[in-house]
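Okay, structure first, notes after.
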Amino acid sequence: MRLQTMHDRQRDIGDTPPEEFRKQLHELADWIADFRQGLGSLPVAPNDEPGAILAAIPAEPPEEAEPFEKILGDVDRIIVPGMVHWSHPMFLGYFGWTTTAPAILGEIITAPLNVNAMTWRTCPAATELETLVVDWIRQWMHLPPEFGGVVYDTASVGVMHALAVAREEAAPAVRKCGLVGAGAPAFRIYASEQAHSSAEKAAIALGLGDENVQRVPTDTQFCMDPSALRKMITSDIRDCFKPLAVIATVGTTSTASVDPVPEIAEICRENKMWLHIDGAYGAGFAILPENKSLTGGWREADSIVVNPHKSLFVPLDFSVLYVRNLERLRNVFTLVPEYLRGDTVEAQKNYMDYGIQLGRRFRALKAWMIFRSFGREGIAARLREHIRLANLFANWIKEDDRFELTAPVSMGVVCFRWLGSSRRAVPTNETRIDQLNSEIVENINARGRAYLTQTKLRGRTVMRIGLGNVLTTENHLHKAWEIVQETASELNCER
Ligand SMILES: Cc1ncc(COP(=O)(O)O)c(C=O)c1O
């Protein structure tokens with residue numbers, strides 16, 4: 001009786017009893033394996049009205065403890081059907097993001113370790129593993145050792161930190177006195193009209209103003225036009241702006257186009273500007289020896305961001321910002337309050353010094369597991385397969401004259417457009433074709449058989465797929481192509 005009471009009391013104030021926890025873990029292991037195995041037969045996306053998930057869950061917080069089985073049952077009943085399954089083999093949205101078995105294992109191991117990797121002392125292993133993994137990626141990207149990196153959640157956060165350093169170096173007292181106090185000039189940042197909107201977000205956060213992000217025109221391949229960049233800089237200097245930085249993109253969001261980094265680097269050098277390379281998607285492809293040329297000009301960059309969570313098979317979130325001489329980043333962000341002083345060891349890397357975040361997850365473990373499980377060769381083989389599939393899909397488009405390719409195929413990305421009828425036919429209303437392309441994507445996604453995205457190129461709506469999922473095979477892709485063709489014909493006939 002006494003034992004029973006203690007047990008109950010422990011239950012109320014402590015953790016789940018070990019034996020029960022063990023049983024739940026075994027159950028969960030089966031759940032995860034079943035989920036991965038059966039994923040391909042689930043709808044890729046739900047077609048519920050907004051609010052459907054909320055309506056299925058009690059609005060009031062639980063008063064009493066609920067059993068694990070009931071909670072897991074609700075995951076099956078409410079959460080899983082309410083998801084877009086980004087790991088589904090028919091998910092071709094964005095960059096075809098993936099997770100992998102080693103990644104899932106890495107995340108599982110990370111959970112019980114439960115560390116806060118803010119300083120070396122608060123977790124030596126997390127700090128040192130982060131340093132190691134970041135250096136592995138540096139080597140794969142052919143960056144010289146003077147580039148040091150730090151792991152953030154996203155590339156958007158990476159570019160913000162990079163531009164904060166650029167700002168501080170161009171107006172050295174901003175950290176201390178703020179923009180006004182430091183008498184900072186009106187800075188300008190340049191990025192191509194295809195570059196990601198994180199440039200503007202960074203400008204907003206840093207008090208630079210999103211209007212001061214100038215969009216540079218691109219050529220027919222959607223790559224930044226360096227002569228236009230040069231002209232814009234000259235004109236801005238004449239108008240008393242201070243050109244601060246250029247963001248060159250390697251793998252733009254819509255078409256995965258690659259800006260001419262060597263030429264842009266030269267312009268930055270001439271004008272003493274910071275060069276940031278946004279390789280969020282594309283930089284990972286440098287792991288392929290045949291892509292070495294992709295890295296031209298990278299050594300001259302001040303900073304470069306790569307998202308292994310986009311192209312190196314690490315699940316969200318894992319983004320690395322490299323800075324040539326990482327001390328430059330540290331100089332801007334180090335700040336040690338008294339309550340942390342005891343946990344900082346001067347000679348060691350304390351990652352809290354390299355950004356605004358104090359608490360930091362142990363992200364390096366999952367990356368370490370994936371990189372060791374696949375090896376460089378395994379990663380390269382998978383990327384090559386995605387490039388092959390993207391080109392195969394592009395060939396199918398070329399063979400069907402009701403569609404056209406709307407951008408060169410780059411990495412795993414294909415942009416294409418339904419023309420509404422044979423491309424040899426008399427040109428039809430472009431706005432109507434825009435609408436049809438958009439409807440095709442929406443219709444496919446709503447039915448949950450595949451998932452695509454849409455974007456605008458030169459003002460026209462196009463469909464877009466991204467290959468990047470380890471579960472997507474040629475058969476899946478062929479099925480997706482048939483779905484696109486069928487849906488396009490159906491919608492076109494309904495008009
Ligand atoms: C080229 C590029 N840069 C930056 C980003 C922002 O990435 P994140 O979600 O990691 O902030 C994206 C997102 O798709 C992107 O495509």
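This is a predicted model, so every value here is computed, not measured. First listed ligand is number 1; within each ligand, the first listed atom is number 1. Residues: numbered from 1 along the sequence shown.
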(message) For atom 5 (C) of ligand 1, tell me which residue out of Met160, His196, Gln194 has the closest non-hydrogen atom.
(response) His196
Are any of the N or O atoms of [X] closer than 3.5 Å to those of ligand 1?
X: Ser156; result: yes
X: Asp278; result: yes
X: Thr253; result: yes
X: Thr249; result: no

(request) Verify, without hydrogens or angle tests, whether Asp225 (side chain) and Ser227 (backbone) share a donor-acceptor contact under 3.5 angstrom. (result) yes
Near [X], which atoms of ligand 1 are under 4.0 Å from a heavy atom of that residue?
X: Phe95; answer: 14 (O), 16 (O)
X: Gly251; answer: 1 (C)
X: Ala280; answer: 2 (C), 3 (N), 4 (C)
X: His309; answer: 10 (O)

Side chains of [X] and [Y]: closer than 4.5 Å at any heavy-atom pair?
X: Glu474; Y: Leu389; answer: yes
X: Leu467; Y: Arg388; answer: no
X: Phe91; Y: Thr472; answer: no

(message) Can you see whether Ser438 engages Gln454 through a side-chain donor-acceptor pair at a distance of less than 3.5 angstrom?
(response) yes
(message) Between Gln221 and Ser257, is there a side-chain donor-acceptor contact under 3.5 Å, judged purely by atom types and distance?
(response) no
(request) Examine Arg328 relative to Tyr322 and say whether NZ or CZ is less than 6.0 Å from the centre of the six-membered ring and inside a 45° cone about the ring axis. (result) no
(request) Please confirm whether Tyr94 comes under 4.0 Å of ligand 1, counting heavy atoms of the residue only. (result) no
(request) Decide if atom NZ of Lys201 counts as having more than 12 heavy atoms of other residues, nucleotides or ligands within a radius under 6.0 Å. (result) no
(request) Please work out whether any backbone atom (N, CA, C, O) or any side-chain heavy atom from C-beta onward of Asn307 is under 4.0 Å from ligand 1, and answer side chain, backbone, both or neither. (result) side chain
(request) Among all protein heavy atoms, pick out the one at the shortest distance from atom 7 (O) of ligand 1; state its residue, atom name and that distance to 0.1 Å. (result) Lys310 NZ, 3.0 Å
